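Below: one structure, written as structure tokens.
All figures in this text were calculated on a predicted structure; none of them were measured in a lab.
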Amino acid sequence: MSGPPLPPALAGQIDVLMIDNFDSFTWNLYQQISLLGANVTVIRNDAIQPESFPQLKINSLIISPGPGHPRTDSGISKAAIDYFKGKVPIFGVCMGLECLVDLHGGEIGYAGEIMHGKVSRIRHDNRGCFKGIPQGIKSIRYHSLSASHTTLPADLAITSISDSGVIMGVRHRKYTLEAVQYHPESILSEGGDDLIRNFLSLRGGLWEENPHSDVLDNTFPPFPAEALSKEIASDANAAEKAPTILENIYVQRLKDVALAQSTPGTTFADLETLYHLNVAPPLIPFINRIKQTEPNSPALFAEIKRASPSKGPISLSTSPAAQALAYALAGAQTISVLTEPQWFKGSLQDMLHARLSVAHLPNRPAILRKDFILSRYQVLEARIWGADTVLLIVSMLPEALLRDLYKYSLELGMEPLVEVNNIKEMELALSLPAKVIGVNNRNLHDFKVDMGTTSRLSDMVRGKDVILCALSGISSPEDIQRYSSDNVKAVLIGESLMRAEDPASFIRHLLSLPTHPDLSPLWQKFRPLVKICGIRSKDEALSVAQVGADMLGLMFVKTAKSHVDLETAKDISAAIRTLRYSNVSPLPPPDVGNCSWFNAHASRLSASTSRPLLVGVFQDAPLTEILHAVSYAQLDFVQLHGSEPIDLAHHIPVPVIRVFHVGNGSGADGITRAGAHQFILLDSLRDDGSKLSGGSGKVVDWDFAQSIVNAGEIVRSAHSYTPPTQSAPSVNDGELKEDASVTATTVQVAPSKLPLPIILAGGLNPTNVAEAIEVVRPWAIDVSSGVETEDRKAKDLDKVLAFVRAVKGTSV
């Protein structure tokens, strides 16, 4: 006895053995055969080893339907056919046909159409299993793969075809081995019982043993498949280039959508409710964003994908948020995010995180949901999760559905990217009429890349109001230059960008942009700004302004010694605004570009000449009090110096400075969170347990502050900051007391390309501020008691002047 022993259930005589290729249709087929009187035994395609086949005693064999490709997903099915052919009758359904063809050397390829739950009429040769069945019967189909006409082995004969010419049945010319591509067990398939009944009537392994089947009857005319094969072979849509993966993805996405739509909270009605509640993030116009490019350079669609069917894992550990922000700051006009989970390892969360990471840029890229979109549900889902546009693949969608999804996308405000791969698909896309058409250089049916595809189709859009995009396989400047000459206005780059160590440098290389541009933020080209806090009167404000202060802080904290009332603040504001208006430049400030949130705000303010600015300082005050002070005193900024919630800044109509109370290794959590306050101030945590800063006389640890600046605005890890050293409190009395000096130590964080602009406070005075600037490199400096008179009742103008000179590095 060869091979492992069989399970007891397989040890005796078996009437019909069915190998299940992990498909629910297996049991429909089981029921059909059982109702026709056969005794059916079902095993999974991994239940036994081929070495155990000699132990089996069976009358006939059936290979069930199943997902995937016979070379990778059929288990022992092909081996069983090979062993039992010539011994017993064998019948295959769907995957069973594909196993039969693949075993004998034929190719399983794209059928030219995706048929899932769709009915086609078929013609047959009226022999074998089709004997006595009427012509033109209806058949239910669940497949996008089929046997290739041009590579069908000589040992196999075509027994039936669909009305579109797709092979629906094959038969071995010698052995009792027959299969159909459609599902005879379905209630929608006509003649299914007769087909199975004919099979069950067969005996032995050869057709010559079954003369009643008429398979070897030469008086029958040949089935006219040969003439049809030439017609099919000349049809580009029926060429055998099909993916095993396309079948799997399509079927899986159908299941995914069905599950999502049936889950409470994510039904289509739920999504519509979210949409009408404006939960979906705001859109930007896709077409307009594509057109915002460097001179003579195509728009860049930078893609985020962790894996692909053709390449396998690419970058599984990628952070979509960090990658999207890197793409955006490097100049990408669109960020394409794969959201298919099984083969591309993407998700809707990836797209949302990418969208959130770029949300606060002055000119963020458009977000493209790249997926296998096959329903309105997915389009609405994309809109809810932050997409500005979606991908519609012409080859995957029936024309009516394509037109419906295109129209629905427009209704939601999204101009889709319509993907084509050949002339027929381009004609259909133009008839929608699509405004953004991407030519996929990778054929989705075999995942092979043909870089000439875009060039061949480019002439079809010349003179039309269409943006032509080249998709897939682009990895060099030469590729981009070639397409630019073919009227291509945008290129999508995925794998090569995902593998690049420095995406920004790689993008500049691809687009032939300067390789070593000055990427430092604009604010670093200026000396730090000076904020003098604790201004008490109009005269003091004017005097401090005259010596060069850029910001004046008015204390609205009632317990502060330098507290001012609203009337005094109003007088100060009127005087400073008059002074400011007389000094403002008529020239606009330079453009800061598409810079990150804090860097953009800091750069704009550094480049502005409209100074000094009035900052109202509050500590855990009610919002109504803050808003009243802003309105009554005409404040330019608000400084939140307490433990206010981050979102409070959204309700304040002027820019907000938020204080972070740092000390003892804490206080920097969430410091780079963008979108609420515009500026960051570091001050020393008090030792009184209040978790607040100010009034302690402590110096902020400069190494810690420098590590925050150097870690930059894009921080991926909590370990980006150097642990702060302990700083001894000052013995000074009065408000916002400062130490006289601090000793610098080695900094452990390398400077970022996007340093975090901070306002440095705590422990500063004219004698130590230059050293603090040298160590920390802050955007601005904040001082109060360090420039006050000995009695702490007013500002000492000599100290203020010395402080300003020390900061600016010039005479004032």
Please check if any side-chain donor atom of Q639 sits under 3.5 Å from a side-chain acceptor atom of K531, or the reverse. yes
So, the side chain of S603 versus the backbone of A600: is there a donor-acceptor pair under 3.5 Å, distance only? no
Do L552 and E540 have side chains that get closer than 4.5 Å, going by heavy atoms? no
Work out which heavy atom in P503 is nearest to a heavy atom in L497; give both atom names and the distance. O-CD2, 3.9 Å
Does V358 reach the side chain of P365, with side-chain heavy atoms less than 4.5 Å apart? yes
Considering only heavy atoms from C-beta outward, does the side chain of R369 approach that of L348 to under 4.5 Å? yes
Show the nearest heavy-atom pair for residues A761 and L681, with the distance to one decimal. CB-CD2, 3.7 Å
Out of V544, V807, V787, V800, which one pairs with V530 under the side-chain contact (heavy atoms from CB on, under 4.5 Å) rule? V807
Treating S606 as the side-chain partner and F526 as the backbone partner, does any N or O pair qualify as donor plus acceptor under 3.5 Å? no
The test is ring pair (Phe, Tyr, Trp, His ring centres under 6.0 Å); show your working for H360 and F598 and say whether it passes. CA-CA 10 Å; H360 306 300; F598 294 112; 9.3 Å; no
If you apply the rule side-chain hydrogen bond (donor to acceptor under 3.5 Å, both in side chains), what do you find for S520 with K525, and how did you get there? CA-CA 8 Å; S520 60; K525 296 176 172 59; 3.2 Å; yes
Begin with the C-alpha distance, continue with both residues' side-chain angles, and end with the deciding distance and a verdict on side chain to side chain contact (heavy atoms under 4.5 Å, CB included) for L764 and V699. CA-CA 7 Å; L764 299 175; V699 176; 5.8 Å; no
Could you verify whether a donor N or O on one side chain and an acceptor N or O on the other, from S608 and R604, lie under 3.5 Å apart? no
Are K561 and E788 within salt-bridge range, i.e. N to O under 4.0 Å? no
Report the C-alpha distance between L529 and I781 in whole Å, list the side-chain angles of each, state the deciding distance to 0.1 Å, and finish with yes or no for side chain to side chain contact (heavy atoms under 4.5 Å, CB included). CA-CA 6 Å; L529 301 185; I781 293 291; over 6 Å; no
Ignoring hydrogens and geometry, is there a side-chain-to-backbone donor-acceptor pair from H353 to Q349 under 3.5 Å? yes
Flag the pair R611 and D550 as a salt bridge only when some basic side-chain nitrogen lies within less than 4.0 angstrom of an acidic carboxylate oxygen. yes
Test log, rule salt bridge (Lys or Arg N to Asp or Glu O under 4.0 Å), inputs R577 and D636: CA-CA 10 Å; R577 286 178 180 276; D636 298 303; 3.1 Å; yes
Side-chain (K305) to main-chain (M498) donor-acceptor, under 3.5 angstrom: no
So, N768 side chain and G763 main chain: donor-acceptor pair closer than 3.5 Å or not? yes
Do V769 and L760 come within less than 4.5 Å of each other through their side chains, counting heavy atoms only? no
Do the non-hydrogen side-chain atoms of P653 and L627 ever get within less than 4.5 Å of each other? yes
Rounded to the nearest 0.5 Å, the CZ atom of R508 sits from the CG atom of D502 at a distance of 11.0 Å
Could you tell me which non-hydrogen atom of M351 sits nearest to which non-hydrogen atom of I367, and how far apart they are? CG-CG2, 3.6 Å
Take K570 and D565 through the test salt bridge (Lys or Arg N to Asp or Glu O under 4.0 Å) and record every step on the way to the result. CA-CA 9 Å; K570 184 178 180 181; D565 58 33; over 6 Å; no
Could you verify whether a donor N or O on one side chain and an acceptor N or O on the other, from E713 and S596, lie under 3.5 Å apart? yes
Parallel, tilted or perpendicular: which one describes the rings of H641 and H661, with boundaries at 30° and 60°? perpendicular
Run the side chain to side chain contact (heavy atoms under 4.5 Å, CB included) check on E294 and L511 step by step: do they pass? CA-CA 9 Å; E294 296 281 346; L511 299 181; over 6 Å; no
Contact check, side chains of D350 and I304, non-hydrogen atoms, under 4.5 Å: no
On the 0 to 90° scale, with breaks at 30° and 60°, tag the W779-F679 ring pair as parallel, tilted or perpendicular. parallel
Do V783 and I532 touch side chain to side chain, with heavy atoms closer than 4.5 Å? yes
So, the side chain of T578 versus the backbone of A574: is there a donor-acceptor pair under 3.5 Å, distance only? yes
Could you tell me which non-hydrogen atom of G670 sits nearest to which non-hydrogen atom of F660, and how far apart they are? O-CZ, 4.0 Å
Answer yes or no: is there a side-chain heavy-atom contact under 4.5 Å between D620 and E644? yes
What class does the angle between the rings of Y632 and H628 fall in, given that below 30° is parallel, 30 to 60° is tilted and above 60° is perpendicular? tilted
Do side-chain atoms of S562 reach the backbone of I535 as a donor and acceptor pair under 3.5 angstrom? no
For residues T568 and D571, is any side-chain donor paired with an opposing acceptor at under 3.5 Å? no
Closest approach of A569 to F556 (non-hydrogen atoms, all atoms of both residues): CB-CZ, 3.7 Å
